[in-house]
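Reviewing the structure listed below.
Hydrogens, waters and symmetry mates are skipped; everything else that's a heavy atom, side chains included, is used. Just so it is clear, the structure is predicted and the values come from calculations on it, not from any experiment. Reminder, nothing fancy here: chain letters follow the sequence lines and each chain counts from 1.
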2 protein chains.
Amino acid sequence: MRLSEGVEWGLHCLAILGGLPEGGTLPGRVLAEFHGVSPTYLLKHLKTLTEAGLVESVPGPRGGFRLAKPPETITLLDTVIAIDGEAAAFRCTEIRQRSPVRRSATAFALPCPVKVAMLKADAAWRAALASQTLADIIGAVTRIADQEGLRRNAEWLAERVRFTTNTLS
Amino acid sequence: MRLSEGVEWGLHCLAILGGLPEGGTLPGRVLAEFHGVSPTYLLKHLKTLTEAGLVESVPGPRGGFRLAKPPETITLLDTVIAIDGEAAAFRCTEIRQRSPVRRSATAFALPCPVKVAMLKADAAWRAALASQTLADIIGAVTRIADQEGLRRNAEWLAERVRFTTNTLS
DNA sequence: GGAGTGATACTCGGATATCTGGTGTCCGAGTTTTCGCGG
DNA sequence: CCGCGAAAACTCGGACACCAGATATCCGAGTATCACTCC
(Lines give C-alpha, C1' and ligand atoms only; values in the text may rest on other atoms or scores of the structure.)
Protein backbone atom coordinates (compact mmCIF):
# COMPACT_ATOMS: atom_id res chain seq x y z
CA MET A 1 0.00 0.00 0.00
CA ARG A 2 1.35 3.33 -0.99
CA LEU A 3 -0.17 6.75 -0.58
CA SER A 4 0.19 9.08 -3.53
CA GLU A 5 3.13 11.44 -3.30
CA GLY A 6 0.72 14.23 -4.22
CA VAL A 7 -0.76 14.04 -0.73
CA GLU A 8 2.51 15.21 0.76
CA TRP A 9 2.79 18.00 -1.79
CA GLY A 10 -0.78 19.10 -1.22
CA LEU A 11 -0.48 19.21 2.54
CA HIS A 12 2.69 21.30 2.41
CA CYS A 13 1.13 23.67 -0.10
CA LEU A 14 -1.97 24.06 2.04
CA ALA A 15 0.21 24.80 5.04
CA ILE A 16 2.02 27.52 3.12
CA LEU A 17 -1.21 29.02 1.80
CA GLY A 18 -2.67 28.95 5.29
CA GLY A 19 0.21 31.09 6.53
CA LEU A 20 -0.30 33.84 3.97
CA PRO A 21 -1.74 37.24 4.97
CA GLU A 22 -5.49 37.64 4.39
CA GLY A 23 -6.33 37.84 0.69
CA GLY A 24 -2.86 36.95 -0.55
CA THR A 25 -2.34 34.40 -3.28
CA LEU A 26 0.67 32.43 -4.52
CA PRO A 27 1.14 31.17 -8.09
CA GLY A 28 1.60 27.45 -8.56
CA ARG A 29 5.01 28.19 -10.02
CA VAL A 30 6.18 29.72 -6.75
CA LEU A 31 4.78 26.86 -4.67
CA ALA A 32 6.63 24.39 -6.89
CA GLU A 33 9.90 26.28 -6.62
CA PHE A 34 9.56 26.55 -2.85
CA HIS A 35 9.12 22.80 -2.53
CA GLY A 36 11.52 21.85 -5.29
CA VAL A 37 9.00 19.82 -7.27
CA SER A 38 7.73 19.73 -10.85
CA PRO A 39 5.60 22.85 -11.45
CA THR A 40 3.34 21.27 -14.04
CA TYR A 41 2.66 18.18 -12.00
CA LEU A 42 2.00 20.20 -8.87
CA LEU A 43 -0.53 22.22 -10.87
CA LYS A 44 -2.37 19.01 -11.53
CA HIS A 45 -2.80 18.41 -7.81
CA LEU A 46 -3.69 22.04 -7.11
CA LYS A 47 -6.40 21.77 -9.71
CA THR A 48 -7.75 18.72 -7.87
CA LEU A 49 -7.73 20.63 -4.59
CA THR A 50 -9.59 23.44 -6.33
CA GLU A 51 -12.30 21.09 -7.56
CA ALA A 52 -12.60 19.71 -4.04
CA GLY A 53 -13.28 23.21 -2.73
CA LEU A 54 -10.20 23.42 -0.50
CA VAL A 55 -8.41 26.16 -2.43
CA GLU A 56 -9.48 28.86 -4.88
CA SER A 57 -7.62 29.71 -8.05
CA VAL A 58 -7.30 33.28 -9.33
CA PRO A 59 -6.62 33.47 -13.08
CA GLY A 60 -4.68 36.06 -15.04
CA PRO A 61 -1.46 37.94 -14.30
CA ARG A 62 -0.82 38.43 -10.57
CA GLY A 63 -3.14 35.46 -10.04
CA GLY A 64 -2.49 32.33 -7.99
CA PHE A 65 -3.97 30.10 -5.31
CA ARG A 66 -5.39 30.79 -1.88
CA LEU A 67 -7.26 28.77 0.73
CA ALA A 68 -11.01 28.59 0.17
CA LYS A 69 -11.78 28.00 3.84
CA PRO A 70 -10.22 28.79 7.24
CA PRO A 71 -7.43 26.32 8.15
CA GLU A 72 -9.42 25.20 11.19
CA THR A 73 -12.12 23.76 8.90
CA ILE A 74 -9.79 21.80 6.64
CA THR A 75 -9.01 18.34 8.00
CA LEU A 76 -6.25 16.05 6.83
CA LEU A 77 -8.95 13.63 5.76
CA ASP A 78 -10.42 16.25 3.43
CA THR A 79 -7.03 16.69 1.82
CA VAL A 80 -6.28 13.00 1.47
CA ILE A 81 -9.69 12.28 -0.04
CA ALA A 82 -9.40 15.21 -2.43
CA ILE A 83 -6.08 14.03 -3.85
CA ASP A 84 -6.12 10.29 -3.35
CA GLY A 85 -9.80 9.59 -3.83
CA GLU A 86 -12.68 8.48 -1.66
CA ALA A 87 -12.18 4.74 -1.99
CA ALA A 88 -11.06 2.73 1.02
CA ALA A 89 -7.65 1.07 0.95
CA PHE A 90 -9.14 -2.40 1.21
CA ARG A 91 -11.45 -3.46 -1.57
CA CYS A 92 -13.52 -6.57 -0.97
CA THR A 93 -14.02 -8.56 -4.16
CA GLU A 94 -16.31 -11.08 -2.45
CA ILE A 95 -14.15 -14.05 -3.22
CA ARG A 96 -16.13 -15.96 -0.60
CA GLN A 97 -18.93 -16.16 -3.16
CA ARG A 98 -16.78 -17.78 -5.83
CA SER A 99 -16.60 -21.08 -4.02
CA PRO A 100 -17.58 -24.10 -6.14
CA VAL A 101 -19.79 -25.17 -3.24
CA ARG A 102 -23.39 -24.22 -3.86
CA ARG A 103 -24.77 -21.84 -1.23
CA SER A 104 -28.27 -20.65 -0.55
CA ALA A 105 -29.37 -17.31 -1.91
CA THR A 106 -29.43 -15.74 1.55
CA ALA A 107 -26.05 -17.14 2.59
CA PHE A 108 -24.23 -13.90 1.82
CA ALA A 109 -26.78 -11.44 3.15
CA LEU A 110 -24.42 -10.41 5.97
CA PRO A 111 -21.17 -8.66 5.04
CA CYS A 112 -17.93 -10.59 4.73
CA PRO A 113 -16.16 -10.71 8.13
CA VAL A 114 -12.79 -10.07 6.50
CA LYS A 115 -14.20 -6.97 4.90
CA VAL A 116 -15.72 -5.81 8.19
CA ALA A 117 -12.43 -6.24 10.01
CA MET A 118 -10.42 -4.41 7.39
CA LEU A 119 -12.91 -1.56 7.15
CA LYS A 120 -12.73 -1.22 10.93
CA ALA A 121 -9.04 -0.42 10.57
CA ASP A 122 -9.79 1.89 7.68
CA ALA A 123 -12.32 3.76 9.83
CA ALA A 124 -9.71 4.18 12.57
CA TRP A 125 -7.29 5.64 10.02
CA ARG A 126 -9.87 8.08 8.74
CA ALA A 127 -10.89 9.10 12.23
CA ALA A 128 -7.28 9.90 13.06
CA LEU A 129 -7.00 11.98 9.90
CA ALA A 130 -10.30 13.75 10.51
CA SER A 131 -9.26 14.72 14.03
CA GLN A 132 -6.35 16.81 12.76
CA THR A 133 -6.84 20.08 10.91
CA LEU A 134 -4.61 22.17 8.76
CA ALA A 135 -4.47 24.70 11.60
CA ASP A 136 -2.84 22.03 13.79
CA ILE A 137 -0.15 21.46 11.18
CA ILE A 138 0.53 25.17 10.82
CA GLY A 139 0.67 25.56 14.59
CA ALA A 140 3.15 22.71 14.89
CA VAL A 141 5.34 24.16 12.18
CA THR A 142 5.57 27.55 13.86
CA ARG A 143 6.28 25.87 17.18
CA ILE A 144 9.02 23.45 16.25
CA ALA A 145 10.85 25.27 13.45
CA ASP A 146 13.72 27.59 14.25
CA GLN A 147 12.44 31.16 14.36
CA GLU A 148 15.24 32.52 12.18
CA GLY A 149 14.39 30.04 9.43
CA LEU A 150 10.71 30.83 9.65
CA ARG A 151 11.45 34.54 9.28
CA ARG A 152 13.54 33.96 6.19
CA ASN A 153 10.89 31.73 4.66
CA ALA A 154 8.20 34.30 5.36
CA GLU A 155 10.39 36.97 3.81
CA TRP A 156 10.99 34.91 0.67
CA LEU A 157 7.26 34.24 0.34
CA ALA A 158 6.32 37.87 1.05
CA GLU A 159 8.33 38.92 -1.98
CA ARG A 160 6.19 36.67 -4.15
CA VAL A 161 2.73 36.95 -2.65
CA ARG A 162 0.11 38.59 -4.87
CA PHE A 163 -2.88 40.75 -4.03
CA THR A 164 -5.18 40.88 -7.00
CA THR A 165 -8.13 43.15 -7.35
CA ASN A 166 -10.23 40.18 -8.31
CA THR A 167 -12.61 39.54 -5.45
CA LEU A 168 -13.68 36.18 -6.86
CA SER A 169 -17.27 37.29 -6.25
CA MET B 1 -4.10 4.44 -1.96
CA ARG B 2 -4.87 0.85 -2.75
CA LEU B 3 -4.17 -2.24 -0.72
CA SER B 4 -2.91 -5.25 -2.68
CA GLU B 5 -5.60 -7.71 -3.65
CA GLY B 6 -3.33 -10.42 -2.29
CA VAL B 7 -4.17 -9.29 1.24
CA GLU B 8 -7.77 -10.33 0.75
CA TRP B 9 -6.71 -13.65 -0.73
CA GLY B 10 -4.26 -14.30 2.08
CA LEU B 11 -6.74 -13.52 4.84
CA HIS B 12 -9.38 -15.82 3.37
CA CYS B 13 -6.83 -18.61 2.92
CA LEU B 14 -5.63 -18.23 6.50
CA ALA B 15 -9.22 -18.38 7.71
CA ILE B 16 -9.77 -21.64 5.82
CA LEU B 17 -6.52 -23.14 7.05
CA GLY B 18 -7.40 -22.12 10.61
CA GLY B 19 -10.62 -24.11 10.37
CA LEU B 20 -8.93 -27.37 9.37
CA PRO B 21 -8.62 -30.26 11.82
CA GLU B 22 -5.30 -30.49 13.67
CA GLY B 23 -2.45 -31.50 11.36
CA GLY B 24 -4.44 -31.23 8.15
CA THR B 25 -3.03 -29.46 5.12
CA LEU B 26 -4.56 -28.10 1.91
CA PRO B 27 -2.73 -27.77 -1.41
CA GLY B 28 -2.54 -24.33 -2.95
CA ARG B 29 -4.46 -25.67 -5.90
CA VAL B 30 -7.45 -26.48 -3.71
CA LEU B 31 -7.32 -23.09 -1.97
CA ALA B 32 -7.31 -21.40 -5.36
CA GLU B 33 -10.24 -23.43 -6.63
CA PHE B 34 -12.21 -22.74 -3.47
CA HIS B 35 -11.74 -18.99 -3.86
CA GLY B 36 -11.98 -18.94 -7.64
CA VAL B 37 -8.62 -17.26 -8.17
CA SER B 38 -5.49 -17.95 -10.20
CA PRO B 39 -3.68 -20.95 -8.66
CA THR B 40 -0.20 -19.85 -9.70
CA TYR B 41 -0.61 -16.32 -8.45
CA LEU B 42 -2.08 -17.46 -5.16
CA LEU B 43 0.97 -19.68 -4.73
CA LYS B 44 3.11 -16.59 -4.91
CA HIS B 45 1.30 -15.06 -1.95
CA LEU B 46 1.30 -18.34 -0.01
CA LYS B 47 5.03 -18.51 -0.46
CA THR B 48 5.27 -15.00 0.99
CA LEU B 49 3.17 -16.04 3.97
CA THR B 50 5.46 -19.03 4.40
CA GLU B 51 8.55 -16.84 4.47
CA ALA B 52 6.85 -14.63 7.04
CA GLY B 53 6.32 -17.65 9.28
CA LEU B 54 2.53 -17.55 9.26
CA VAL B 55 2.01 -20.81 7.37
CA GLU B 56 4.09 -23.92 6.77
CA SER B 57 4.41 -25.66 3.44
CA VAL B 58 4.60 -29.43 3.12
CA PRO B 59 6.25 -30.59 -0.11
CA GLY B 60 5.64 -33.71 -2.13
CA PRO B 61 2.48 -35.66 -2.96
CA ARG B 62 -0.32 -35.24 -0.40
CA GLY B 63 1.47 -32.07 0.68
CA GLY B 64 0.03 -28.59 1.09
CA PHE B 65 -0.19 -25.66 3.50
CA ARG B 66 -1.12 -25.40 7.14
CA LEU B 67 -1.00 -22.66 9.76
CA ALA B 68 2.35 -22.33 11.48
CA LYS B 69 0.85 -20.81 14.64
CA PRO B 70 -2.47 -20.89 16.52
CA PRO B 71 -5.05 -18.51 14.98
CA GLU B 72 -5.15 -16.52 18.23
CA THR B 73 -1.53 -15.47 17.72
CA ILE B 74 -1.89 -14.30 14.12
CA THR B 75 -3.07 -10.70 13.88
CA LEU B 76 -4.39 -8.99 10.80
CA LEU B 77 -1.39 -6.67 10.99
CA ASP B 78 0.96 -9.66 10.69
CA THR B 79 -0.86 -10.75 7.55
CA VAL B 80 -0.97 -7.32 5.95
CA ILE B 81 2.72 -6.71 6.64
CA ALA B 82 3.67 -10.13 5.32
CA ILE B 83 1.94 -9.58 1.98
CA ASP B 84 1.97 -5.85 1.50
CA GLY B 85 5.26 -5.00 3.15
CA GLU B 86 6.39 -3.17 6.25
CA ALA B 87 6.46 0.34 4.80
CA ALA B 88 3.96 2.92 6.02
CA ALA B 89 1.39 4.23 3.56
CA PHE B 90 2.69 7.77 3.82
CA ARG B 91 6.30 8.33 2.78
CA CYS B 92 7.83 11.64 3.73
CA THR B 93 10.28 12.82 1.09
CA GLU B 94 11.32 15.85 3.15
CA ILE B 95 10.27 18.37 0.56
CA ARG B 96 10.46 21.01 3.29
CA GLN B 97 14.24 20.81 2.94
CA ARG B 98 14.22 21.55 -0.78
CA SER B 99 13.29 25.17 -0.29
CA PRO B 100 15.56 27.66 -2.08
CA VAL B 101 15.71 29.59 1.18
CA ARG B 102 18.89 28.79 3.05
CA ARG B 103 18.25 27.24 6.46
CA SER B 104 20.58 26.54 9.35
CA ALA B 105 21.96 23.05 9.76
CA THR B 106 19.85 22.38 12.86
CA ALA B 107 16.65 23.72 11.31
CA PHE B 108 15.38 20.25 10.46
CA ALA B 109 16.43 18.40 13.57
CA LEU B 110 12.80 17.92 14.58
CA PRO B 111 10.59 15.73 12.38
CA CYS B 112 8.34 17.26 9.77
CA PRO B 113 4.91 18.03 11.30
CA VAL B 114 3.13 16.76 8.21
CA LYS B 115 4.96 13.48 8.55
CA VAL B 116 4.14 13.27 12.25
CA ALA B 117 0.45 13.87 11.61
CA MET B 118 0.24 11.29 8.84
CA LEU B 119 2.16 8.69 10.81
CA LYS B 120 -0.24 9.23 13.70
CA ALA B 121 -3.06 8.09 11.43
CA ASP B 122 -0.94 5.21 10.19
CA ALA B 123 -0.32 4.11 13.79
CA ALA B 124 -4.06 4.15 14.46
CA TRP B 125 -4.60 1.96 11.40
CA ARG B 126 -1.98 -0.52 12.51
CA ALA B 127 -3.30 -0.61 16.05
CA ALA B 128 -6.76 -1.45 14.74
CA LEU B 129 -5.28 -4.24 12.64
CA ALA B 130 -3.13 -5.56 15.48
CA SER B 131 -6.12 -5.73 17.82
CA GLN B 132 -7.88 -8.29 15.62
CA THR B 133 -6.66 -11.85 15.25
CA LEU B 134 -7.35 -14.58 12.78
CA ALA B 135 -9.34 -16.34 15.49
CA ASP B 136 -11.73 -13.37 15.60
CA ILE B 137 -12.31 -13.66 11.86
CA ILE B 138 -12.94 -17.37 12.05
CA GLY B 139 -15.31 -16.85 14.97
CA ALA B 140 -17.24 -14.22 13.06
CA VAL B 141 -17.52 -16.45 10.02
CA THR B 142 -18.97 -19.34 12.00
CA ARG B 143 -21.37 -16.98 13.75
CA ILE B 144 -22.81 -15.07 10.82
CA ALA B 145 -22.78 -17.67 8.03
CA ASP B 146 -25.74 -19.95 7.50
CA GLN B 147 -25.08 -23.28 9.20
CA GLU B 148 -26.14 -25.34 6.21
CA GLY B 149 -23.63 -23.53 3.97
CA LEU B 150 -20.87 -23.97 6.51
CA ARG B 151 -21.54 -27.68 6.68
CA ARG B 152 -21.36 -28.04 2.92
CA ASN B 153 -18.13 -26.03 2.78
CA ALA B 154 -16.61 -28.14 5.53
CA GLU B 155 -17.65 -31.27 3.68
CA TRP B 156 -16.12 -30.07 0.42
CA LEU B 157 -12.88 -29.21 2.21
CA ALA B 158 -12.84 -32.48 4.19
CA GLU B 159 -12.73 -34.40 0.92
CA ARG B 160 -9.56 -32.56 -0.03
CA VAL B 161 -7.69 -32.18 3.22
CA ARG B 162 -4.42 -34.10 3.49
CA PHE B 163 -2.69 -35.72 6.43
CA THR B 164 0.91 -36.39 5.55
CA THR B 165 3.27 -38.42 7.62
CA ASN B 166 5.79 -35.65 7.35
CA THR B 167 6.16 -34.13 10.77
CA LEU B 168 8.12 -31.18 9.42
CA SER B 169 10.51 -31.75 12.31
C1' DG C 1 5.13 -62.15 3.80
C1' DG C 2 8.33 -58.28 4.60
C1' DA C 3 11.94 -55.05 3.48
C1' DG C 4 14.44 -52.48 0.23
C1' DT C 5 14.69 -49.71 -3.93
C1' DG C 6 13.69 -47.29 -7.91
C1' DA C 7 10.45 -44.77 -10.71
C1' DT C 8 6.69 -41.67 -10.34
C1' DA C 9 3.53 -38.12 -9.65
C1' DC C 10 2.49 -34.47 -7.15
C1' DT C 11 3.87 -30.57 -4.50
C1' DC C 12 6.15 -25.96 -3.82
C1' DG C 13 9.70 -22.28 -5.51
C1' DG C 14 11.77 -18.80 -8.47
C1' DA C 15 12.43 -16.43 -12.93
C1' DT C 16 9.85 -14.33 -16.64
C1' DA C 17 5.86 -11.46 -19.42
C1' DT C 18 1.74 -8.27 -19.19
C1' DC C 19 -1.03 -4.41 -17.66
C1' DT C 20 -3.11 -0.98 -14.86
C1' DG C 21 -2.41 3.34 -12.36
C1' DG C 22 0.54 6.87 -10.74
C1' DT C 23 4.06 10.18 -12.52
C1' DG C 24 5.55 13.70 -15.53
C1' DT C 25 5.07 16.88 -19.52
C1' DC C 26 3.22 19.77 -23.09
C1' DC C 27 0.14 22.92 -25.35
C1' DG C 28 -4.29 25.57 -25.40
C1' DA C 29 -8.14 28.63 -23.19
C1' DG C 30 -9.11 32.43 -20.24
C1' DT C 31 -8.42 36.66 -17.71
C1' DT C 32 -6.24 40.72 -15.74
C1' DT C 33 -2.97 43.92 -16.54
C1' DT C 34 -0.74 47.45 -19.00
C1' DC C 35 0.51 50.49 -22.43
C1' DG C 36 -0.85 53.58 -25.99
C1' DC C 37 -4.15 56.66 -27.98
C1' DG C 38 -7.69 59.93 -28.24
C1' DG C 39 -10.56 63.30 -26.08
C1' DC D 1 -5.02 65.13 -17.24
C1' DC D 2 -8.48 61.42 -17.75
C1' DG D 3 -11.03 57.70 -19.99
C1' DC D 4 -11.12 54.13 -23.36
C1' DG D 5 -9.50 50.18 -25.92
C1' DA D 6 -6.68 46.70 -27.82
C1' DA D 7 -2.67 43.93 -27.40
C1' DA D 8 0.06 41.28 -24.38
C1' DA D 9 1.69 38.39 -20.82
C1' DC D 10 0.80 35.62 -17.32
C1' DT D 11 -2.21 32.47 -15.15
C1' DC D 12 -4.83 28.02 -14.81
C1' DG D 13 -7.04 23.80 -17.32
C1' DG D 14 -7.16 19.57 -19.94
C1' DA D 15 -5.09 16.10 -23.25
C1' DC D 16 -1.01 13.31 -24.20
C1' DA D 17 3.62 10.15 -23.12
C1' DC D 18 6.34 7.54 -19.66
C1' DC D 19 7.51 4.41 -15.91
C1' DA D 20 7.14 1.59 -11.67
C1' DG D 21 4.75 -1.78 -9.25
C1' DA D 22 1.16 -5.04 -9.00
C1' DT D 23 -0.79 -8.85 -11.57
C1' DA D 24 -0.49 -13.15 -13.94
C1' DT D 25 1.99 -17.11 -15.88
C1' DC D 26 5.21 -20.81 -16.94
C1' DC D 27 8.81 -24.05 -16.12
C1' DG D 28 12.12 -26.27 -12.94
C1' DA D 29 13.64 -28.35 -8.18
C1' DG D 30 12.43 -31.27 -4.46
C1' DT D 31 10.07 -34.94 -1.87
C1' DA D 32 6.68 -38.43 -0.02
C1' DT D 33 4.35 -42.05 -2.14
C1' DC D 34 3.67 -46.33 -4.44
C1' DA D 35 4.66 -50.45 -6.94
C1' DC D 36 7.82 -53.83 -7.97
C1' DT D 37 11.49 -56.91 -6.95
C1' DC D 38 14.26 -59.58 -4.10
C1' DC D 39 15.09 -62.01 0.15
Side-chain angles (χ1 to χ4, degrees), chain A residues 1-10 13 25-33 35-52 55-66 68 83-85 87 89-91 93 95 160-169, chain B residues 1-10 13 25-33 35-52 55-66 68 83-85 87 89-91 93 95 160-169:
Chain A
M1 184 178 53
R2 228 182 50 174
L3 206 52
S4 166
E5 196 171 354
V7 171
E8 183 186 12
W9 296 12
C13 286
T25 66
L26 276 181
R29 180 188 181 82
V30 171
L31 285 170
E33 183 187 0
H35 293 117
V37 300
S38 158
T40 54
Y41 190 33
L42 179 60
L43 245 333
K44 193 183 184 68
H45 291 308
L46 288 172
K47 164 174 130 50
T48 306
L49 289 176
T50 304
E51 290 170 350
V55 304
E56 290 172 334
S57 70
V58 178
R62 311 186 69 77
F65 291 94
R66 72 171 80 136
I83 294 181
D84 203 63
F90 180 82
R91 295 159 304 147
T93 58
I95 64 176
R160 289 160 180 83
V161 72
R162 312 286 180 80
F163 292 91
T164 100
T165 59
N166 181 5
T167 60
L168 219 80
S169 65
Chain B
M1 184 177 53
R2 230 182 48 173
L3 205 52
S4 166
E5 196 172 355
V7 171
E8 183 186 11
W9 295 13
C13 285
T25 67
L26 276 182
R29 179 188 181 82
V30 170
L31 285 169
E33 184 187 359
H35 293 116
V37 299
S38 158
T40 54
Y41 190 34
L42 180 61
L43 246 332
K44 193 183 182 67
H45 291 307
L46 289 172
K47 164 176 130 51
T48 307
L49 289 175
T50 304
E51 290 169 350
V55 304
E56 291 171 335
S57 70
V58 178
R62 311 186 68 77
F65 292 95
R66 71 171 81 137
I83 293 181
D84 203 63
F90 180 83
R91 294 160 303 146
T93 59
I95 65 175
R160 290 158 178 84
V161 71
R162 312 287 181 80
F163 293 91
T164 99
T165 59
N166 182 6
T167 58
L168 219 82
S169 61

Looking at side-chain heavy atoms only, is the closest gap between A/M1 and B/R2 below 4.5 Å?
-> no
Could you check how far CD of B/E56 sits from C1' of C/dT11, rounded to whole Å?
-> 16 Å
Residue pair A/F65 / A/S57: nearest heavy atoms and the distance that separates them | CE2-CB, 3.6 Å
Minimum heavy-atom distance between B/C13 and B/L42, given as atom pair plus value | SG-CD1, 3.8 Å
Rounded to the nearest angstrom, tell me the gap between atom CE in A/M1 and atom P in C/dG22.
-> 14 Å
Scan nucleotides 3-15 of chain D nucleotide by nucleotide, 5' to 3', and note B when protein non-hydrogen atoms come under 4.0 Å of the base, S if they reach only the sugar-phosphate, - if neither.
-> ------BBSSSSB
Passing option when A/R66 is tested against A/V58, A/L26, A/V55 for side chain to side chain contact (heavy atoms under 4.5 Å, CB included) | A/V58
Can you check the A/R2 CZ to C/dG21 C1' distance for me, whole Å?
-> 10 Å
SB check B/R29 B/E33 (cutoff 4.0 Å) = no
Spacing of B/L42 atom CG relative to D/dT25 atom C1', expressed in whole Å = 14 Å
Bend angle of the helix from C/dG1-D/dC39 to C/dG39-D/dC1, end axes from five pairs each (to 10°) = 10°
Might you list the N or O atoms of the protein lying below 3.5 Å from N or O atoms in nucleotides 17-19 of chain C, with each pair's distance?
none

Can you tell me the distance, in whole Å, between the CD atom of A/E5 and the P atom of D/dG21?
-> 12 Å
Answer whether the closest heavy-atom distance between the side chains of B/T25 and B/V161 falls below 4.5 Å.
-> no
Backbone N/O of A/T93 and side chain of B/E8: donor-acceptor pair under 3.5 Å | yes
Non-hydrogen atoms of A/I83 and A/G10 that approach each other most closely = CD1-CA, 3.9 Å
Output yes when at least one side-chain N/O atom of A/S4 is less than 4.0 Å from OP1 or OP2 of C/dT23, else no.
-> yes
What integer distance in Å separates A/H35:NE2 from C/dG24:P?
-> 16 Å
Gap between atoms CG and C1', on B/L3 and D/dT23 respectively (whole Å) = 15 Å
From CH2 (B/W9) to OG (B/S38), nearest 0.5 Å = 5.5 Å
Between B/P27 and B/G63, what is the shortest heavy-atom contact and its length?
-> CG-O, 3.9 Å
From OH of A/Y41 across to C1' of D/dA17 the rounded distance in Å is 14 Å
Can you tell me how far the NE2 atom of A/H45 sits from the CG atom of A/D84, to the nearest 0.5 Å?
-> 9.5 Å
